Amino acid sequence: MIDLHTHSLHSDGTQSPGELMAEAASVGIDVLGLTDHDTVAGYDEAIAAVPETGVSLVRGIEMSARHEHRSVHLLGYLFDPAEGIGEHCVRLRAERADRLYRMVEAMDADGLLTWGEVLDVAGQDATLGRPHVADALQARGVVASRDEAFATLLSARSPYYRPYRAPDLREAVNLVHDAGGVAIWAHPRAVARGGAHSWESIIYGLDLGIDGLEVDHRDNPPEDRRVLADIVTERQLIRTGASDYHGSGKLNRLGEHTTSPEMFEKIAYKASMEVINP
Ligand code: AMP
Ligand code: FE
Ligand code: FE
Ligand code: ZN
């Protein structure tokens, strides 16, 4: 079983990379992709867990980008973090923290939440995002769940919402490719969270040189998965499937969608960095 999209507590997952690798082993996963939002901070711990868990590790990332004012999540695999992408992540993490602070500052003025409460739930060096504010609001009893927080105080229509500057899609794709990595558009038709991209945008992304699409993902409606699969086949690109596991932060379960060995080989062959095997 190959699951190439998961999160640890270095972004908005709820387990350390070591715990994530151990759980992957326990549910029968052979190859795990660690793809925290805009950070590679989990790599060392995940690498250390390879021998004892027997799980092969694909070092990855889920990069925040924008196309036509909408947020795009771009998965990058097996790139060299010593290239420009590494510095980019450091800058973007600072930008994300600043933006989140401005959101919480406005909430604090209304007596809803303090920055200290957000840091308490986010931990030491997570890529900060709205899910952490959602958890802090839940811990205080302001909302009952992450979903409720996203539907109300954290929605893009909320008075507390603030945007952050993310690179445009072309720049994000180049950062991955210039570092020798493979770029896959994550959950391109994720409707549930207002994230479905037009077919035109998806084609534009592929014309930029994106290497493939995350077809099999719970947030892509089944009828759209068929269309996405056809596009990938026609263009001889890479089709992936994955869980987008966030520990207890989301309902997604490890291994609920997977990538075929054939497609995994394509990624490993194209990329400059090695898969780490036990
Ligand atoms: P941000 O990057 O800070 O704007 O927050 C967006 C992140 O929140 C993305 O990683 C989404 O996967 C996540 N997200 C969006 N909606 C929800 C939700 N209802 N519950 C949990 N996480 C969500
Ligand atoms: Fe996330
Ligand atoms: Fe995502
Ligand atoms: Zn994700």
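The model shown is predicted, which means the values in this text are computed figures rather than measured ones. Read the numbers this way: they start at 1 and go in the same order the structure lists the ligands and their atoms.
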Same cluster for [X] and [Y] if Ile/Leu/Val/Met/Phe/Trp/Tyr side chains link at under 4.5 Å?
X      : Y      : answer
Ile2   : Met273 : yes
Tyr43  : Leu78  : no
Ile238 : Ile210 : no

Strictly distance-based, threshold 3.5 Å: is any side-chain N or O of [X] a donor or acceptor partner for the main-chain N or O of [Y]?
X      : Y      : answer
Glu45  : Gly18  : yes
Asn220 : Arg189 : yes
Arg130 : Phe150 : no
Asp211 : Ala183 : yes
Ser155 : Ala151 : no

Atoms in ligand 1 flagged as close to [X], the criterion being non-hydrogen separation under 4.0 Å:
X      : value
His37  : 10 (O)
Tyr164 : 2 (O), 4 (O)
Asp147 : 18 (C), 19 (N), 20 (N)
His73  : 9 (C), 10 (O)

[X], any N or O under 3.5 Å of ligand 1 N or O:
X      : answer
Arg96  : yes
His246 : no
Arg146 : no

Nearer than 2.8 Å to the Fe ion (ligand 3), the protein contributes N, O or S atoms numbering 3
Distance in Å, Ile47 CD1 paired with Ile276 CD1, rounded so as to fall on 0.5 Å steps:
4.0 Å
One residue to check: Glu148. Relative to ligand 1, which of side chain, backbone, both or neither has a non-hydrogen atom less than 4.0 Å away?
neither
So, [X] and [Y]: side-chain donor and acceptor under 3.5 Å apart, yes or no?
X      : Y      : value
His7   : Glu62  : yes
Asp12  : His37  : yes
Tyr164 : Arg96  : yes
Thr114 : Asp108 : no
Ser243 : Asn252 : no

Say whether Asp12 and ligand 1 are in contact under the criterion: heavy-atom distance to a ligand atom below 4.0 Å.
yes
With a 4.0 Å cut-off on heavy atoms, is Glu62 touching ligand 1?
no
Protein-derived N, O or S atoms sitting under 2.8 Å away from the Zn ion (ligand 4) total 4
